[in-house]
Amino acid sequence: TQLLEQSPQFLSIQEGENLTVYCNSSSVFSSLQWYRQEPGEGPVLLVTVVTGGEVKKLKRLTFQFGDARKDSSLHITAAQTGDTGLYLCAGGLGSNDYKLSFGAGTTVTVRA
Amino acid sequence: EAQVTQNPRYLITVTGKKLTVTCSQNMNHEYMSWYRQDPGLGLRQIYYSMNVEVTDKGDVPEGYKVSRKEKRNFPLILESPSPNQTSLYFCASSLSGQPNSPLHFGNGTRLTVT
């Protein structure tokens with residue numbers, strides 16, 4: 001059983017549309033990270049959120065950490081083909097916990 | 001350029017033939033870790049190291065060994081590979097290893113064990 005559940009597993013949209021990816025858990029996390037992975041490469045960090053209720057924006061990407069620090073979402077506005085990739089959330093249970101748990105990922109395909 | 005370098009990128013081997021996947025980072029990071037990535041399961045941690053000569057098991061350590069004799073290198077050793085170890089492997093490093101410290105990943109090693 002995954003500590004972090006991501007949904008949906010796959011998402012295919014047209015360029016210009018919006019999308020939201022969810023990352024949920026029954027556990028409380030000290031912080032949560034979002035990564036994007038492209039084919040043939042390793043994941044690359046997009047953002048880290050540490051405070052319950054925190055919202056961070058990275059150009060067209062908006063990340064939100066739930067008030068109870070058990071869930072997070074990633075919203076992409078006006079998706080572009082360059083947003084295509086595997087989006088992974090990862091969280092640590094304690095501030096000194098050296099084990100980061102990853103969700104299974106959401107594969108996003110943006111069609112031209 | 002700051003990076004994590006894994007070698008080889010692709011490896012095909014037979015059951016029982018010992019192999020080593022190398023990992024090196026040039027960022028003077030304290031923390032290094034190995035993950036395997038399988039469809040539908042995401043990234044699962046195999047072993048991690050908080051500093052030289054300090055290693056610990058992750059979630060799926062069976063069948064793997066690691067060593068951290070130097071800060072920059074963290075090789076992954078499969079003494080007797082089996083087909084269920086066919087997977088995509090990633091090495092990663094971070095400054096401190098704490099959950100809010102960003103992980104820097106290598107480009108992966110695709111291992112096939114027949």
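Chain identifiers are assigned alphabetically (A, B, ...) following the order of the sequence lines, protein sequences preceding nucleic acid strands; residue numbering begins at 1 within each chain.
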Could you go step by step and tell me if B/Tyr35 and A/Phe102 meet the ring-ring contact (aromatic ring centres under 6.0 Å, His included) rule?
-> CA-CA 10 Å; B/Tyr35 294 87; A/Phe102 280 82; 5.4 Å; yes
Apply side-chain contact (heavy atoms from CB on, under 4.5 Å) to the pair A/His75 and A/Asn18, showing each step before the final yes or no.
-> CA-CA 7 Å; A/His75 182 80; A/Asn18 302 332; 3.9 Å; yes
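- In this structure, chain A has no heavy atom under 4.5 Å from any part of B/Arg110.
- Around the CD1 atom of B/Ile12, the shell of radius 6.0 Å holds no more than 12 heavy atoms that belong to other residues, nucleotides or ligands.
- Looking at every heavy atom in both residues, A/Thr20 comes nearest to A/Ser73 through CG2-CB, 4.2 Å.
- Neither side chain, A/Lys70 nor A/Asn24, offers a donor N or O lying under 3.5 Å from an acceptor on the other.
- For B/Glu79 and B/Lys65, the salt-bridge test passes: some basic side-chain N is under 4.0 Å from an acidic carboxylate O.
- When atom types are taken as modelled, the side chain of A/Arg60 and the backbone of A/Thr77 share a donor-acceptor pair closer than 3.5 angstrom.
- With a 4.5 angstrom heavy-atom cutoff, B/Gln6 does not touch chain A via any of its atoms.
- Scanning residues 32-50 of chain A against chain B with a 4.5 Å heavy-atom cutoff picks out A/Gln33, A/Tyr35, A/Gln37, A/Gly40, A/Glu41, A/Gly42, A/Pro43, A/Leu45, A/Thr48, A/Val50, ordered by number.
- B/Tyr89 is listed as a side-chain neighbour of B/Tyr64, based on a closest heavy-atom distance under 4.5 Å.
- In this structure, a donor-acceptor pair under 3.5 Å is absent between the side chains of B/Gln25 and B/Arg72.
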Might you work through the side-chain contact (heavy atoms from CB on, under 4.5 Å) test for A/Thr62 and A/Leu74, ending with a clear yes or no?
-> CA-CA 6 Å; A/Thr62 301; A/Leu74 157 59; over 6 Å; no
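- Ranked by heavy-atom pairs under 4.5 Å with chain A, the list B/Leu88, B/Asp38, B/Leu43 is led by B/Leu43.
- In this structure, chain A has a heavy atom under 4.5 Å from the backbone of B/Ser101, while its side chain stays farther away.
- Among residues 80-90 of chain A, the residues having any heavy atom closer than 4.5 Å to a heavy atom of chain B are, in sequence order, A/Leu86, A/Leu88.
- Defined by atom type and a distance below 3.5 Å, a donor-acceptor pair is present between the side-chain atoms of B/Gln45 and B/Ser33.
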